[in-house]
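Below is one structure, written out as structure tokens, with a few remarks after it.
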Amino acid sequence: MVSPSAADTFRALHHDRSPGDPLVLPGPWDAASARVFEETGFPALATPSAGVAASLGYEDGQTPADEMFAAVRRIVRAVSVPVSADIEAGYGIAPKELVERLLETGAVGCNLEDSRPDGTLNDPHAQADWLAEFRSAASDRVVLNARIDTFIRGAADPIAEAVERARLYIAAGADCVYPIGAPAEAVPALRSGIEGPINVGAPPDGPSPREWGELGATRITFGPGLQRRAMGAVREIAEGLR
């Protein structure tokens, strides 16, 4: 079980940051990569569901809950820094049980997304109610990063809808919101409309973490990007061996 102080330590990393110094959270996909990121000096880590899925031989979104939680547990066990886990949309598990299973891994935070596998967005008020149930069960033991899928699900006005959802989710107890897929030019508008930390996903060919921070991002994650770059390096090694 994770102690409340570990979650408090991770939560504090999201606050009182200067614009050019966002919280950068590499995404380990297994215990070995987690140790590399810790040894490099990062203060916390955030697992990517797609990267973990690839390491386990699944397509993104197809990892069984038991295997995802087991993978997160191995990553947490391998390092001493706080770990947040991408647990997708919660696997259909009721909030109280979901919190219990997350805490059993030792993770101190999680991502929860607000769309379905068929690509439709959840009703924002229903999603906020669900997040409030999760927060009630978790108390302050989990740093909740509420993913907002308006940019990747074709919302008519993704910025305005993201801001609306962010306000509902923060009121429901989210510590941070994650408008996944938001382009750099949208971040200043998101920042002006959202109170609280904002997570952005940084593509390999996009702005640097510092530049994202200057645009208004609080927290930078990479999705499966680092795992895919690592597999690209492995492929080059393999081709060289032939």
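Throughout, residue positions are numbered sequentially from 1 according to the sequence presented.
By the 4.5 Å side-chain criterion applied to Ile, Leu, Val, Met, Phe, Trp and Tyr, Leu241 is assigned to a cluster that also includes Ile237. Applying the under-4.5 Å side-chain rule to Ile, Leu, Val, Met, Phe, Trp and Tyr, the cluster around Leu121 consists of that residue alone.
For residues 227-242, no residue pair satisfies the side chain to side chain donor-acceptor pair (under 3.5 Å) rule, not counting sequence neighbours. Screening residues 11-53 for ring pair (Phe, Tyr, Trp, His ring centres under 6.0 Å), with sequence neighbours left out, gives Phe10-His14.
Scored by the salt bridge (Lys or Arg N to Asp or Glu O under 4.0 Å) test, Arg165 finds Asp114 as partners (sequence neighbours excluded). Partners of Asp16 according to the salt bridge (Lys or Arg N to Asp or Glu O under 4.0 Å) rule, which considers only residues two or more places apart in sequence or in another chain, do not exist here. In terms of the salt bridge (Lys or Arg N to Asp or Glu O under 4.0 Å) criterion, Asp129 has no residue partners (sequence neighbours excluded). With sequence neighbours left out, Thr120 forms a side chain to side chain donor-acceptor pair (under 3.5 Å) with Arg116, Asp118. For Asp175, the salt bridge (Lys or Arg N to Asp or Glu O under 4.0 Å) partners two or more places apart in sequence, or in a different chain, are Arg11, Arg135. For the side chain to side chain donor-acceptor pair (under 3.5 Å) test, no residue two or more places apart in sequence or in another chain qualifies with Glu161. Applying the side-chain contact (heavy atoms from CB on, under 4.5 Å) test to Asp157 and every residue at least two apart in sequence or in another chain returns Ile159, Ala160.
Leu131 is connected to Tyr91 through a chain of hydrophobic side-chain contacts under 4.5 Å among Ile, Leu, Val, Met, Phe, Trp and Tyr, so both are in one cluster.
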Determine, stepwise, if the pair Asp86 / Thr47 fulfils side-chain hydrogen bond (donor to acceptor under 3.5 Å, both in side chains). CA-CA 6 Å; Asp86 184 345; Thr47 71; over 6 Å; no
Ignoring hydrogens and angles, write down the donor-acceptor pairs under 3.5 Å from the side chains of residues 73-82, residues two or more places apart or on other chains.
from  : atom 1 : to    : atom 2 : distance (Å)
Ser80 : OG     : Glu38 : OE2    : 2.4

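The neighbour count for Glu195 CD, taken as heavy atoms of other residues, nucleotides or ligands under 6.0 Å away, does not exceed 12.
Inspection of the Asp30 and Ser33 side chains reveals an N or O donor paired with an N or O acceptor under 3.5 Å.
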